[in-house]
2 protein chains.
Amino acid sequence: MSDIRITIFDDNKRFRESIALLFETNHGFEMAGNFPDVLTVIEDVEESKPDVVLMDIDMPSVNGIAAVKKLREKFSKLPIIMLTSFDEDDKVFQSICAGAMGYLLKSAQPNDLIDAVREVSAGGAPMTPSIARKVMMHFQQQNTPAPENDYGLSDREKDVLAELVKGKSLKMIADELFVSRETVKTHVKNIYSKLHVSCAAEAVAKTLNQKLLG
Amino acid sequence: MSDIRITIFDDNKRFRESIALLFETNHGFEMAGNFPDVLTVIEDVEESKPDVVLMDIDMPSVNGIAAVKKLREKFSKLPIIMLTSFDEDDKVFQSICAGAMGYLLKSAQPNDLIDAVREVSAGGAPMTPSIARKVMMHFQQQNTPAPENDYGLSDREKDVLAELVKGKSLKMIADELFVSRETVKTHVKNIYSKLHVSCAAEAVAKTLNQKLLG
DNA sequence: CTGTCTATCCCCCATTTGGGGGATATTTAG
DNA sequence: CTAAATATCCCCCAAATGGGGGATAGACAG
């Protein structure tokens, strides 16, 4: 097994040097590159050909999150670990969405860093427990149907709404549900009134955005 | 600091006993309950009052995922760690969506189990690296706009589509964009044709479901 | 029993939508 | 330069939508 090649982007020279020292004195790792900014991040990565990128989240001038986005577009599978001094929720989430696979505090122990790099290059996603929990919570929220927030829609109204979401016309819905078009129309009117919307498109948008249906 | 109380649900008696032994012989832990099935999971948890629940994902009769859902509804903050013999993607995802906070293989080392319980009760989300990665990937997909999948919509068409998603009528869109209603209509026609849909509601559904707009 | 909620149906009718034609100007690509 | 996209606008017209009104029957609660 060949060494894991690491490229780091961080504006702090001291920190870059400690990292370089850390990985060069450990077997199985090799520094590939070492840059103070992300102005030419794509080229830097192309030339240094790292297996793992370490990216400072807070850099003056161009910020690390934007750099992650760029890298993700160009190198879709390159593992990136974000480094930050503080536990800043917002930025961490933005990084994750931008495509970073891991997230660590700079204050982490050298051993944790080493483990994280190993883990990410083996297909894992190293992160601090508190971040992991936040990601999970967010994930759950996104994937659960409605809590109790159905605006008091009746079962039948939900049936109709489900068909509306599929793009069906009143007539098609009437056929699907074996009732007259007029009945569907009444349900639709009531749905609009309960959801406080005034047309099908808006109802569909609200339904999907708020995950009103299971 | 008081002990961390643990309740386990697993149909395998041997396994339950090993777990009990493991936690009883380690300082800082205490077995609260020990059940072979989840038939009365709510009552079991109410009575044993655990800080952490260990739940086998594959149990005969009633399955562990459904049990997690029930628990999550009743005890919204109780940390649950899923245990499984194999790395079954589907079930793991279902568990996560159901509200489990952690996920481990039964073949994990005793030490890992202990760490996981500590971590989850401290607000973390212990899971194997490969699961962490999958969660992250899924998370990213859900939170990124469209890759290249915009069906060849032009910029202007995206503008119009964005207004449609807001539930605006053709006339309103025309005013928003300072063009005539006819222009909007043409754009809408082209959008329908590019998205292969035939009405506003369907276009909105497709747009939101596939996150076609940033 | 009475009232409310729900699902079902009906009518009228103005407005909107969507499908079918075109047309022109500008920009982009080959 | 020529062709393809793109953005803008126009007309016709059938069909659908949405807003208003009202009605009946069953279920369920107080």
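Just so you know, these numbers come straight off a predicted model, no measurement behind them. Just so it is clear: chains get the letters A, B, ... in the order the sequence lines come, proteins before strands, and each one is counted from 1.
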Can you list everything that forms a salt bridge (Lys or Arg N to Asp or Glu O under 4.0 Å) with A/D44? Sequence neighbours excluded, please.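 Not a single residue meets the salt bridge (Lys or Arg N to Asp or Glu O under 4.0 Å) criterion with A/D44.
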Hey, is the main chain of B/L170 close enough, under 3.5 Å, to the side chain of B/R181 for a donor-acceptor pair?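 Not a single qualifying donor-acceptor pair exists.
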Please give, in whole Å, the distance from [N] [atom2] to [X] [atom1]?
X	N	atom1	atom2	answer
A/H187	D/dT17	NE2	P	16 Å
A/R181	C/dC9	CZ	P	13 Å
A/D155	C/dA7	CG	P	7 Å
A/N190	C/dT8	CG	P	12 Å

Minimum side-chain heavy-atom gap B/D3-B/F29 below 4.5 Å: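 They are not in contact (no side-chain heavy atoms under 4.5 Å apart), so the answer is no.
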Take B/E163 and B/K166, measure what salt bridge (charged side-chain N to carboxylate O under 4.0 Å, His left out) needs, and give me the verdict at the end. CA-CA 5 Å; B/E163 299 298 321; B/K166 290 181 200 156; 3.3 Å; yes
Using a heavy-atom distance cut-off of less than 4.0 Å, which residues of residues 156-179 of chain B contact DNA chain C?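 Under 4.0 Å from DNA chain C: B/S169, B/L170, B/K171.
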At 4.0 Å (heavy atoms only), tell me whether A/T183 reaches a base, stays on the sugar-phosphate, or touches nothing.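 Touches a base.
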Any salt bridge (charged side-chain N to carboxylate O under 4.0 Å, His left out) pairs touching residues 194-203 of chain B, not counting sequence neighbours?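 Every pair satisfying salt bridge (charged side-chain N to carboxylate O under 4.0 Å, His left out) with a residue in residues 194-203 of chain B: B/E157-B/K194.
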What one-letter contact string describes nucleotides 19-30 of chain D from 5' to 3', where B marks a base within less than 4.0 Å of any protein heavy atom, S marks contact via sugar-phosphate atoms alone, and - marks no contact? BBB---------
Holding to side chain to side chain contact (heavy atoms under 4.5 Å, CB included), I want the full list of residues that pass it with A/A125, two or more places apart in sequence or in another chain.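 A/A125: side chain to side chain contact (heavy atoms under 4.5 Å, CB included) contacts with A/M101, A/M127, B/A132, B/R133, B/M136.
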My understanding is that only residues two or more places apart in sequence, or in another chain, count here; which of them pass side chain to side chain contact (heavy atoms under 4.5 Å, CB included) with A/V92?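 With sequence neighbours excluded, A/V92 shows a side chain to side chain contact (heavy atoms under 4.5 Å, CB included) to A/I96, A/Y103, A/I131, given in chain and number order.
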Have a look at A/K91 and tell me which of A/D58, A/N63, A/T84 forms a side chain to side chain donor-acceptor pair (under 3.5 Å) with it.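 Answer to the side chain to side chain donor-acceptor pair (under 3.5 Å) test with A/K91 among A/D58, A/N63, A/T84: A/D58.
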Using OP1 and OP2 only, check whether a side-chain N or O of A/S180 sits under 4.0 Å from C/dT8.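 So the side chain of A/S180 is outside the cut-off, no N or O lying under 4.0 Å from OP1 or OP2 of C/dT8.
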Please figure out whether B/V184 or B/L153 has its closest DNA chain D nucleotide nearer the 5' end.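 Nearer the 5' end of the strand: B/L153.
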